[in-house]
Amino acid sequence: MDLNSAQRIAEAEAARTGLGTGPNRRLRLTMLIGMPLVFPVIGIMILVPEFLRNDVFFVYQAGILGCLLHYVWVFTKYPRYAGRPPYLTRDLAMGGGFFLPSLMLGFWPGMIAAPAWALFVGVAYAVELTREHYDHR
């Protein structure tokens, strides 16, 4: 086994378990920070005066949109399945998980964009596999 093969195996294993490396790590951290943040936001909204609640809500909405835009940015850097690091497609599809925090706070753009994003990643993956299948004929 040469050094390049060993390095790719190590990178694939790191991407599969833990936080991974490179874009996998960035997407997983985005998800781990953005999704559970809904609970402290709800707590803050309960504790702050009523006139500040909308401001807290708007900041969280901007955070959700920022997280979803980060997923789009990573997709644009790795649009082809063949050029992606291992498990990046799975991590991209997990952007659909932002549906639940959006649902909890009634943020309808997030409720629409998150599942649409997961569907888009899945369709792009299926199209890529179909294209590869017909290219090899």
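The side-chain heavy atoms of Y60 and P101, taken from C-beta on, include a pair separated by under 4.5 Å. Side chains of R131 and R80 form a contact here, defined as non-hydrogen atoms less than 4.5 Å apart. Proximity of Y87 to R28: side-chain heavy atoms (C-beta onward) are separated by under 4.5 Å at one or more points.
In the hydrophobic clustering of this structure, I112 groups with L103; members are Ile, Leu, Val, Met, Phe, Trp, Tyr whose side-chain heavy atoms approach within less than 4.5 Å, directly or through other members. No continuous path of hydrophobic side-chain contacts links V123 to L129 [ILVMFWY only; heavy atoms under 4.5 Å]. Two different hydrophobic clusters hold L32 and L100 under the rule that ILVMFWY side chains link at heavy-atom gaps under 4.5 Å. V74 is connected to V72 through a chain of hydrophobic side-chain contacts under 4.5 Å among Ile, Leu, Val, Met, Phe, Trp and Tyr, so both are in one cluster. L105 and M111 fall into different hydrophobic clusters, where Ile, Leu, Val, Met, Phe, Trp and Tyr residues are linked whenever their side-chain heavy atoms come under 4.5 Å apart, directly or through other members.
Residues T30 and F98 come closest through the heavy atom pair O-CZ, 3.8 Å. When every heavy atom of A114 is checked against every heavy atom of G95, the shortest pair comes out as CB-O, 3.8 Å. Scanning both residues, E132 and Y81, for their nearest heavy atoms gives OE2-CD2, 4.4 Å. Residue M45 comes nearest to R53 through the heavy atom pair O-NE, 2.7 Å, listed as atom of the first residue, atom of the second, then distance. Considering every non-hydrogen atom in both F99 and P115, the closest pair reads CD1-CG, 3.7 Å. Scanning both residues, P40 and P36, for their nearest heavy atoms gives CD-O, 3.2 Å.
Between the CD1 atom of I64 and the CG atom of L69 there is a distance of 11.5 Å, given to the nearest 0.5 Å. A distance of 13.5 Å separates CZ in F39 from CD1 in I44, rounded to the nearest 0.5 Å. In this structure, CG in D91 is found 11.5 Å from CZ in R26, a value given to the nearest 0.5 Å. To the nearest 0.5 Å, atoms OG (S102) and CG (L68) are separated by 7.0 Å.
Using a distance-only test at 3.5 Å, with no hydrogens or angles considered, no donor-acceptor pair links the side chain of Y78 to the main chain of L88. With hydrogens and angles disregarded, a donor-acceptor distance shorter than 3.5 Å links the side chain of N24 to the backbone of P86.
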(message) Under the criterion side chain to side chain contact (heavy atoms under 4.5 Å, CB included), I'd like the reasoning laid out for D55 against V59: C-alpha separation, chi angles, the key distance, then a yes or no.
(response) CA-CA 6 Å; D55 297 334; V59 168; 5.6 Å; no

(request) Would you check, one step at a time, whether the test side chain to side chain contact (heavy atoms under 4.5 Å, CB included) holds for I42 with M104? (result) CA-CA 9 Å; I42 291 172; M104 290 176 72; 4.2 Å; yes

(request) Take V121 and Y71, measure what side chain to side chain contact (heavy atoms under 4.5 Å, CB included) needs, and give me the verdict at the end. (result) CA-CA 10 Å; V121 171; Y71 275 78; over 6 Å; no

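Aromatic ring centroids of F75 and F120 lie under 6.0 Å apart.
Within the structure, side chain to side chain donor-acceptor pair (under 3.5 Å) contacts touching residues 103-124 (residues at least two apart or in different chains) do not occur.
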